[in-house]
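Just so you know, residue 1 is the first one in the sequence shown, and it goes up from there. In this text the structure is predicted, and so the values were computed from the model without any measurement. Whatever order the structure lists ligands and atoms in, that order sets their numbers, starting from 1.
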Amino acid sequence: MTQIFNFSAGPAVLPKEVLQQAASEMLDWHGSGMSVMEMSHRGPEFSSIHRQALDDLRELLDVPANYKILFQQGGGLGQNAIVPLNLAGRRQDPVIDFVHTGSWSGKSIKEAARYARVNVAASSEAEGFARVPPRDSWRLSPDAAYLHICTNETIDGVEYPDAPRMDPMSDPDMPIVADMSSHILSRKIDVSKYGVIFAGAQKNIGPAGLTLVIVRDDLLDHASPQCPSAFHWKTCAEHDSLYNTPPTYAIYIAGLVFAWLKANGGVAAMEARNIEKAKLLYEALDRDDFYSNRVAPEFRSRMNVPFYLRDESLNQSFLAGAQARGLLQLKGHKSVGGMRASIYNAMPIEGVQALVDYLNEFAGR
Ligand code: PMP
């Protein structure tokens, strides 16, 4: 069988070892006689799975003790509403600041506007989202409830190289909320620079249906009365994410992914590998003008690499040739067209090399 490499933006490739372990434990988890899917979320078997996943994630991301890790549902788009419902109440007549760097921060702005005033502090829309606007150009509100950023724009392929620098004099109490859906666990981050981090699981964590939320303790309890109890961070935290039935099987798979990450050197080792993978791919795209990526080099995403063929009439034949070689799901997002290669943690360097070989061969032909 042709070796398959899956470049989907999400739901995305998972480590083969994780899928193999899940398959071997599908019918009978550790001699319990039950599939994980059949277990009570409050029983001792699932409790041990849940606890281990939380401990491993805390270790992998070095999450400080004053942050809670919550497993919720509703995905990234769900959090676009859940975050303002939980945080806008920090202020009377709240305003929420945003930096608009692409499609996903754009959706967050639209959704938040249903719950509070929004201020787009900076936007790179006029430049086709080719960069993160320079920090000095951000017009932050003096008394915003929080600042929302999307640290990796999955569609536009724009990634923040670092956490934004905040000025302790002018914005001493401005929590940063970061949508890290498509690059969490791909690089080292300093969690303490953020008030809230959220991520849909279906890229670097596990199956769709699980949403990770990391919240600093002082931000847990500002929800507006309209916030649904099941999405109230404080309620979730007090019940250790078991207020309602959590997505148990997705948590189990996420736990296997965390164990796989630890066994493979943790986040630092992943980051080194991801730098190497991204370099290989961008170098191939930059070699001549047959392909192009429109993002300024210092903001190019290591996870999601959108690119265009100079002659777009070749798109179909490019995709068909890729498919025939086992290089799957390279079609770009419908809103921007072109191609996109998502090269998450579970994509081996061999997959990127196979894509690069194909890029060279196709351009040559
Ligand atoms: N934010 C980002 C950065 C994303 O990439 C996505 C999904 N691709 C979302 C939010 C939305 O996630 P969901 O579909 O899980 O609601």
Side-chain angles (χ1 to χ4, degrees), residues 6-14 70-86 96 98-114 123-125 129 132 146-161 163-164 176-187 189 194 196-214 228 230-231 246-247 249-251 253-254 257 274 295 299-306 329-347:
N6 175 1
F7 294 91
S8 170
V13 60
L14 286 167
L70 310 177
F71 289 139
Q72 294 200 312
Q73 300 177 61
L77 288 187
Q79 289 298 322
N80 282 347
I82 295 166
V83 172
L85 282 166
N86 275 279
I96 305 169
F98 283 87
V99 179
H100 189 195
T101 46
S103 303
W104 291 111
S105 49
K107 282 194 199 265
S108 303
I109 292 167
K110 276 212 178 102
E111 184 72 12
R114 302 177 60 192
S123 171
S124 54
E125 188 170 18
F129 299 124
V132 174
Y146 60 93
L147 163 68
H148 178 122
I149 59 174
C150 176
T151 47
N152 187 65
E153 290 278 4
T154 321
I155 293 177
D156 305 274
V158 176
E159 182 168 13
Y160 282 66
I176 303 177
V177 173
D179 175 357
M180 296 198 182
S181 293
S182 49
H183 74 161
I184 188 116
L185 291 162
S186 72
R187 62 190 300 152
I189 51 164
Y194 302 90
V196 179
I197 292 169
F198 70 83
Q202 65 270 24
K203 295 137 192 330
N204 259 338
I205 297 178
L210 169 67
T211 317
L212 167 68
V213 189
I214 302 174
F231 292 131
Y249 197 76
I251 291 172
I253 298 286
V257 170
N274 289 330
V295 180
F299 301 109
R300 284 175 163 183
S301 171
R302 293 176 187 160
M303 295 284 101
N304 308 100
V305 183
Q329 309 207 65
L330 283 164
K331 190 163 186 228
H333 192 270
K334 60 183 184 311
S335 63
V336 292
M339 308 295 155
R340 173 173 52 174
S342 294
I343 49 175
Y344 297 120
N345 285 341
M347 172 60 66

Using only heavy-atom distances, determine whether the side chains of [X] and [Y] contain a donor-acceptor pair under 3.5 Å.
X: Asn345; Y: Ser186; answer: no
X: Glu153; Y: Ser105; answer: yes
X: Asn274; Y: Tyr344; answer: no

For atom 8 (N) of ligand 1, closest protein heavy-atom neighbour: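 Residue, atom and distance for the closest contact: Lys203 NZ, 2.9 Å.
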
Heavy atom of the protein closest to atom 11 (C) of ligand 1 (residue, atom name, distance):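 Going by distance alone, atom 11 (C) of ligand 1 is nearest to Trp104 CZ3, 3.5 Å.
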
Check whether any heavy atom of [X] sits under 4.0 Å from an atom of ligand 1.
X: Gly10; result: no
X: Gly200; result: no
X: Gln202; result: yes
X: Lys107; result: no
X: Thr211; result: no

Indicate, as side chain, backbone, both or neither, the part of [X] found under 4.0 angstrom from ligand 1 when only non-hydrogen atoms are considered.
X: Cys150; answer: side chain
X: Glu153; answer: neither
X: Asp179; answer: side chain
X: Asn80; answer: neither

So, do [X] and [Y] sit near enough that their side-chain heavy atoms are less than 4.5 Å apart?
X: Phe129; Y: His100; value: yes
X: Thr151; Y: Ile189; value: no
X: Tyr146; Y: Val83; value: yes

Ring pair (Phe, Tyr, Trp, His ring centres under 6.0 Å) partners for His183, two or more places apart: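 Partners of His183 by the ring pair (Phe, Tyr, Trp, His ring centres under 6.0 Å) criterion come out as none, since no residue qualifies.
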
Donor-acceptor pair, side chain of Asp179 and main chain of Trp104, under 3.5 angstrom: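 No: the side chain of Asp179 does not pair with the backbone of Trp104.
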
Glu159 backbone acceptor or donor facing Ser301 side chain under 3.5 Å: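 No: the side chain of Ser301 does not pair with the backbone of Glu159.
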
At a 4.0 Å threshold, what atoms of ligand 1 neighbour a non-hydrogen atom of [X]?
X: Leu77; result: 11 (C), 12 (O), 13 (P), 16 (O)
X: Gly75; result: 15 (O), 16 (O)
X: Asn152; result: 3 (C)
X: Thr154; result: 2 (C), 3 (C), 4 (C), 5 (O)

Gly76-ligand 1 polar pair, N/O distance under 3.5 Å: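 N/O-N/O distance under 3.5 Å: yes.
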
Nitrogen or oxygen of Ser182 less than 3.5 angstrom from that of ligand 1: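 Between Ser182 and ligand 1 (N or O atoms, distance only) the closest approach is not under 3.5 Å.
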
Passing candidate, side chain to side chain contact (heavy atoms under 4.5 Å, CB included) with Ile205, options Leu14, Leu185, Ile251: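 Of all the options given, the one that passes is Leu185.
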
For Arg302, side chain to side chain donor-acceptor pair (under 3.5 Å) partners two or more places apart: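 Testing Arg302 for side chain to side chain donor-acceptor pair (under 3.5 Å), a comparison that skips the adjacent residues, returns Glu271.
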
